[in-house]
Amino acid sequence: MTGDEAGEELESFAAEVGDDGPVAVVGGRTHWEIGGHCPEETRLVRAPAGVRGFDPADMTIRVGAGTPVEGLDAALAEAGQRANLPVLAGATVGGVLAVGRDDVHALGRGRLRDALLEAVYVADDGRLVKAGGPTVKNVSGFDLCRLLVGSLGTLGLLGEVILRTWPRPAVQQWLAGPCDPTELRRSLYWPSSILWDGQMTWVHLEGHESDVESETELARSLGCEPTDGPPPLPAYRVPTGALEAEGFPGSFLVQIGTGMAYVSEPCPDPDPDATVVALHQRLKAAFDPRGRLNPGRDPLAAG
């Protein structure tokens, strides 16, 4: 796709969003219920899709926000690279970024918000706005890209993004056993994930073959053995503090080192700090004073 064609698609997307009436972007609907429901009268639009530019040497890729994450991952795999976005069946790049949930590899691969370098989004008045830049050194001022990640589309509707990419690891290995998760984290150099259910611990290692082999031997010395993969994730995602506060009685899986856990039974999220609520209200008033972007959604209630 040429730059002119991509620009025309973005202009068409902005025109479809328009400057009046409640509107929301629909992607794969994999997390459609998170943060609340849009009113029935809300118009639904779709963001442009497709790879707009990829130079493996630059380790960045430009895609339409409506691009399926699985398609993005496949395109990057051909070049031996990946983006640190959860690869969810049916999900779109823009949807994953708008929801803003890290996957189980956040400990080693970093937060989802760190993957987004540049975003072109439609503002509440229908204008196209660019935030960020194609490289970190080109970015100055407020980091609006990170603000958009996890905003559920309530501050702007993503149309196109530039993502940072990383080399795909040569070797990956999951191990599990009745290990002490804190001891594993202290002993291993750079695990990409450590999960703990109160009795069993799962750890994921990735990188060069020799590094993974040596780290695997160290993990085995601490009581872990190779396994096919992680356990199924319980249905609900909560801050780890919710487990302590509620004395949670059901099964859980703590994501060591990230402050998040997965639980089998719903439990109330802690009330957000009053300062956070006030800041959120100021942002919403500045970016979407009429409340027309993804109405009914509340990022503070997204968990």
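- Note that CG of L148 and CZ of R146 are 12.5 Å apart. Values are rounded to the nearest 0.5 Å.
- Atoms CZ and CG, from R290 and D19 in turn, are 6.0 Å apart once rounded to the nearest 0.5 Å.
- Side-chain contact between L253 and P231 is present, with at least one heavy-atom pair separated by less than 4.5 Å.
- Within the 3.5 Å criterion, the main-chain N or O of T154 finds a donor-acceptor partner in the side chain of K284.
- Of the possible donor and acceptor atoms, none in the side chain of T92 sits under 3.5 Å from a partner among the backbone N and O of G66.
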Show which side-chain atoms of residues 168-179 pair as donor or acceptor with protein atoms under 3.5 Å away, not counting sequence neighbours.
| from | atom 1 | to | atom 2 | distance (Å) |
| --- | --- | --- | --- | --- |
| R168 | NH1 | D73 | OD1 | 3.4 |
| R168 | NH1 | Q81 | O | 2.6 |
| R168 | NH2 | D73 | OD1 | 3.1 |
| R168 | NH2 | D73 | OD2 | 3.0 |
| Q172 | OE1 | H204 | NE2 | 3.2 |

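- Here C38 pairs with nothing under the disulfide bond (SG atoms under 2.5 Å apart) rule; sequence neighbours left out.
- Annotation: ring pair (Phe, Tyr, Trp, His ring centres under 6.0 Å) contacts involving residues 27-82, sequence neighbours excluded, are absent.
- Legend: residues meeting salt bridge (charged side-chain N to carboxylate O under 4.0 Å, His left out) with E16, ordered by chain and number and at least two apart, are absent.
- Between R292 and D20, no side-chain nitrogen of the basic residue sits less than 4.0 Å from a carboxylate oxygen of the acidic one, so the salt-bridge criterion is not met.
- Here CG of L205 is found 9.0 Å from OG of S214. Values are rounded to the nearest 0.5 Å.
- D103 CG to L85 CG: the interatomic distance, rounded to the nearest 0.5 Å, is 9.0 Å.
- The distance from atom CD1 of I256 to atom CH2 of W196, rounded to the nearest 0.5 Å, is 7.0 Å.
- The line from CZ of R185 to CD1 of I194 is 7.0 Å long, rounded to the nearest 0.5 Å.
- Side chains of S193 and H105: a donor-acceptor N/O pair is absent below 3.5 angstrom, by distance only.
- Sequence neighbours left out, the pairs with a member in residues 56-68 that pass salt bridge (Lys or Arg N to Asp or Glu O under 4.0 Å) are R62-E118, R62-E160.
- Of the residues listed (L76, L97, T60, L117), the one engaging L163 in a side chain to side chain contact (heavy atoms under 4.5 Å, CB included) is L97, and it is the only one.
- When the salt bridge (charged side-chain N to carboxylate O under 4.0 Å, His left out) test is applied to D125, the partners found at least two apart in sequence or on another chain are R127.
- The main-chain N or O of A77 is never found under 3.5 Å from a side-chain atom of R82 such that the two would form a donor-acceptor pair.
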